[in-house]
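Notes to accompany the following structure.
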Amino acid sequence: MRSRTTSSLLLAAGGLLLGSVPLAVAEWPQGVPLDDFITAERDIALQGVLANIGPNGTKVPGAGAGFVIASPSRTSPPYFYTWTRDAALTLKTLVDDFIFGNTALRPYIDDYIHSQAILQTVTNPSGALLPNGGGLGEPKFNPDGSRYNGNWGRPQRDGPPLRAVAMIAYSNWLIENGELERVNKTIWPVIANDLSYVGQYWYVPSPFPPKGHNDANSGASRNSTGFDLWEEVSGSSFFTTHAQYRSLVEGAELAQALGQPCIACAQAPQVLCFLDSAYWNGEYFTGNINGNFNRDGVDANVMLASIAGFDINASCDSPSLQPCHSRMLSNFKVFVDTFRNPSLYPINSQFPSTSGIALGRYPEDIYYTGNPWYLITTGAAEFLYDAVARWSKQGFITVDDTSLAFFTDLYPDAEAKTYKKCSKTGPFRQILDAVTAYADSFVSVVQQYTPSDGSLAEQFLKTAPGSPTSASDLTWSYAAFVGMTHRREGHFPPSWAQSVTPAPETCSPGSTAGIYAPATAAGAPNVTIGCTSTVLFVVNASTYYGENIYLSGNSSDLGKWYLDSAMPMQSSNYTDARPMWFAQIPLTAGETVTYKYAREQDCGQPWIWETVNRTLEVPACVEGSTEVLLETDDAFVGERGSSGAC
Ligand SMILES: *[C@@H]1O[C@H](CO)[C@@H](O)[C@H](O)[C@H]1NC(C)=O
Ligand SMILES: *[C@@H]1O[C@H](CO)[C@@H](O)[C@H](O)[C@H]1NC(C)=O
Ligand SMILES: *[C@@H]1O[C@H](CO)[C@@H](O)[C@H](O)[C@H]1NC(C)=O
Ligand SMILES: *[C@@H]1O[C@H](CO)[C@@H](O)[C@H](O)[C@H]1NC(C)=O
Ligand SMILES: *[C@@H]1O[C@H](CO)[C@@H](O)[C@H](O)[C@H]1NC(C)=O
Ligand SMILES: *[C@@H]1O[C@H](CO)[C@@H](O)[C@H](O)[C@H]1NC(C)=O
Ligand SMILES: *[C@@H]1O[C@H](CO)[C@@H](O)[C@H](O)[C@H]1NC(C)=O
Ligand SMILES: *[C@@H]1O[C@H](CO)[C@@H](O)[C@H](O)[C@H]1NC(C)=O
Ligand SMILES: *[C@@H]1O[C@H](CO)[C@@H](O)[C@H](O)[C@H]1NC(C)=O
């Protein structure tokens, strides 16, 4: 529950975190000046991030060292896992904060590198590190770094490039500070695996013909990038492609500094070609393409990609698509205006059309009824601060036909021309001031819906009173807040995009064979190519509609008897005559496993386990083969399920 005016809570929050908060102000957050809110909330947010990182994070007992947990929430929704994407974005913010002078963060960064070196070697439902890197695309793991076996939108291909970007930022700092050797021996091997993965899988042509209207812009067959950052649709996501591009550009520079090869990095111009040609529709960047989504494609992922790639030294027309790029400004306006619709977000009807509003992921969103997100509303402010910072630095603003509508909202006299900095009160200054005020107004919205203890959940309700909802203490919400304050304070992450050149005129997408090896110097176990044999588990089990069958066993690939990690089975061949459930699973060759099936009942009723333990000997493997080498013929032993009729 949100409680806005309890001054004892205010004192608890402020007193806990920093002495300089003006505690005399009783109505925090509502009545507090924006600057004071930001100062106080920045510290709360940073502590909020650290409280969710193992092994010492106070809100995540049991999390392994360096693992960033998405949220302490274990149920409704279950976010007590580590996501590779969320963790990497969070670490990038911590690395930035470290570079800006917060030296206390160093142990967190070192733990992270160690944890990720190990994680890369954990075989999981997306595959393994060896021989082809498939396992690097796994989106989430248990808090101790063990595999998660449940059904999920996998693979997600933004994790490896974002992780590389976070580690490259730290590596560049280490090199500048005389620790090149450590980077070369210890961190580069982790980064190199991720870059290999990007080069190999950024573009996976699909043999399937296009279906449905959203494929209109995608030609003859679908290019697939995997599941998007919201874990809902499989296709190509702007966010993922942008992250992939950046990682290869920066990867190439680091490789050169180290004298290491980066074969994958040669794909960078092709990734840019795809980014440049495939998503822009003349008015905005379509957030997801190459799939049937029944969406207009207006999606926060574009704005989030641009702020993640902000470079104060890159020009507004840089192919790296900075926030001040005309297309990004146009996209921003379309995105924000979409959420001004009061029937979509009733709470936004209180804000004038020139003010910031509450923003969500995309207008068709129904997750938790589709509400505004803190990290996206904060991200809008960051986007605008970034643009202002660049215009200030370069001393001019070029308005063109593409960006004109963005500017006229804030500066009605705007025309398509270049405004130069010439006086303290001229149009250039007026535009900067208007955009800055616009940025601040998004932070004010966040302030209005932040509870008085400063905690940031994932979402806040789209209807009054806008209470926090979904996961509590979302690490990404906190990290986004800290990142926004960096830009507002004029702290800019190191430059990466100065050397980028325009995309080639014709795209010829490809793939480079990845080279993968466990990063043993960083602490990874020295895994070798796993010899696995595929077993087809088939069980006859009569079920009612709403009941599911899982497979559980004593080996780690079968979840070690943990229900959370049991293997979901498929019912696509189920008939009354043959009530078949099946799952095709690669298992460690030569191993003996004990296993059994379990029924998941509906309406929150308890699971029903089989009353027998079964054993099976996994056959010897045939190298490189994924053929089924053994098929079971089982029939469920135990009670039948019964519908709870809820
Ligand atoms: C966690 O606590 C241990 C024991 O106090 C300490 O050695 C370690 O540095 C801490 N880790 C981090 C990331 O602060
Ligand atoms: C980095 O290590 C590689 C061997 O892995 C070596 O060839 C290279 O010279 C090293 N780079 C530097 C700058 O020392
Ligand atoms: C796939 O991407 C390439 C490179 O950008 C593009 O030329 C082609 O039209 C795309 N095809 C599909 C089906 O999206
Ligand atoms: C921008 O470029 C200048 C000149 O090359 C450099 O000194 C500065 O460090 C760069 N800024 C960032 C944030 O990297
Ligand atoms: C890892 O194992 C491989 C193959 O068994 C071996 O060649 C290599 O030396 C080992 N590396 C380390 C760091 O132990
Ligand atoms: C699983 O059970 C089998 C049969 O009891 C046993 O041989 C095997 O070692 C067990 N595996 C694990 C990982 O405990
Ligand atoms: C399920 O049915 C399809 C289509 O008939 C068939 O190709 C497939 O082999 C079946 N799967 C199993 C596990 O029997
Ligand atoms: C039989 O299965 C249960 C899980 O249902 C497990 O806890 C137990 O250890 C298994 N027993 C043997 C002998 O494998
Ligand atoms: C499963 O059902 C099929 C089809 O009715 C039958 O042929 C098979 O023997 C059954 N398996 C077991 C273990 O009962």
Side-chain angles (χ1 to χ4, degrees), residues 113 117 120 125 151 164 167-168 170-196 207-208 250-265 514-524 526 533-544 547-551 553 558 567-587 594-599 608-619 625-641:
I113 291 167
Q120 286 186 334
N151 272 326
M167 291 195 192
I168 289 169
Y170 185 50
S171 296
N172 289 337
W173 183 90
L174 289 172
I175 291 173
E176 280 166 28
N177 288 275
E179 295 189 56
L180 182 144
E181 190 142 328
R182 176 174 167 215
V183 173
N184 199 26
K185 288 212 162 73
T186 308
I187 309 180
W188 172 255
V190 187
I191 297 170
N193 285 331
D194 285 341
L195 296 177
S196 278
F208 302 115
E250 285 193 291
E253 285 179 14
L254 178 59
Q256 197 178 9
L258 296 175
Q260 295 277 9
C262 180
I263 295 164
C265 295
I515 300 163
Y516 303 95
T520 49
N526 193 15
S533 302
T534 300
V535 177
L536 176 61
F537 289 87
V538 178
V539 61
N540 295 338
S542 294
T543 48
Y544 58 86
E547 181 182 23
N548 292 304
I549 301 290
Y550 284 73
L551 169 66
L558 292 180
M567 285 290 186
M569 301 191 75
Q570 294 172 44
S571 60
S572 48
N573 289 13
Y574 186 104
T575 60
D576 286 342
R578 176 95 207 251
M580 172 202 268
W581 289 80
F582 67 93
Q584 194 170 310
I585 304 172
L587 294 175
T594 307
Y595 70 99
K596 63 171 58 168
Y597 302 97
R599 295 174 183 269
I608 299 173
W609 289 83
E610 276 197 295
T611 52
V612 291
N613 286 14
R614 306 169 179 281
T615 56
L616 168 154
E617 238 175 79
V618 184
S625 163
T626 52
E627 303 275 296
V628 171
L629 298 179
L630 179 71
E631 183 173 336
T632 74
D633 177 18
D634 299 326
F636 195 93
V637 176
E639 265 178 70
R640 278 183 74 145

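Whatever order the structure lists them in is the order used to number ligands and atoms, beginning at 1.
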What residues form a side chain to side chain donor-acceptor pair (under 3.5 Å) with Thr543, not counting sequence neighbours? Trp581

What about Leu258: any of its N or O atoms under 3.5 Å from an N or O on ligand 2? yes

Could you work out, with side chain to side chain donor-acceptor pair (under 3.5 Å) as the rule, every residue matching Glu179, not counting sequence neighbours? Arg106

Contact between Leu558 and Leu551 at the side-chain level, heavy atoms closer than 4.5 Å - yes or no? yes

Output yes when a side-chain donor or acceptor of Glu610 lies under 3.5 Å from a complementary backbone atom of Val637, and no otherwise. yes

Under the side chain to side chain donor-acceptor pair (under 3.5 Å) test, residues paired with Glu617 that sit two or more places apart: none

Under the side-chain hydrogen bond (donor to acceptor under 3.5 Å, both in side chains) criterion, do Asn540 and Arg578 qualify, and how do the steps go? CA-CA 7 Å; Asn540 295 338; Arg578 176 95 207 251; 3.0 Å; yes

Validation row: Glu253, Ile168 side chains within 4.5 angstrom (heavy atoms): no

Using a strict cut-off of 4.0 Å, indicate which atoms of ligand 7 neighbour a heavy atom of Asn573. 1 (C), 2 (O), 3 (C), 8 (C), 10 (C), 11 (N), 12 (C), 14 (O)

Ligand 2 versus Asn184, non-hydrogen atoms closer than 4.0 Å: side chain, backbone, both, neither? side chain

Are more than 12 heavy atoms from other residues, nucleotides or ligands located less than 6.0 Å from atom CD1 of Ile515? no

Heavy-atom distances under 4.0 Å are what count here, so tell me which part of Gln260 touches ligand 2: side chain, backbone, both or neither. side chain

Around ligand 9, what residues show up once you keep those with a heavy atom under 4.0 Å from it? Asn540, Ala577, Arg578, Asp633, Asp634, Ala635

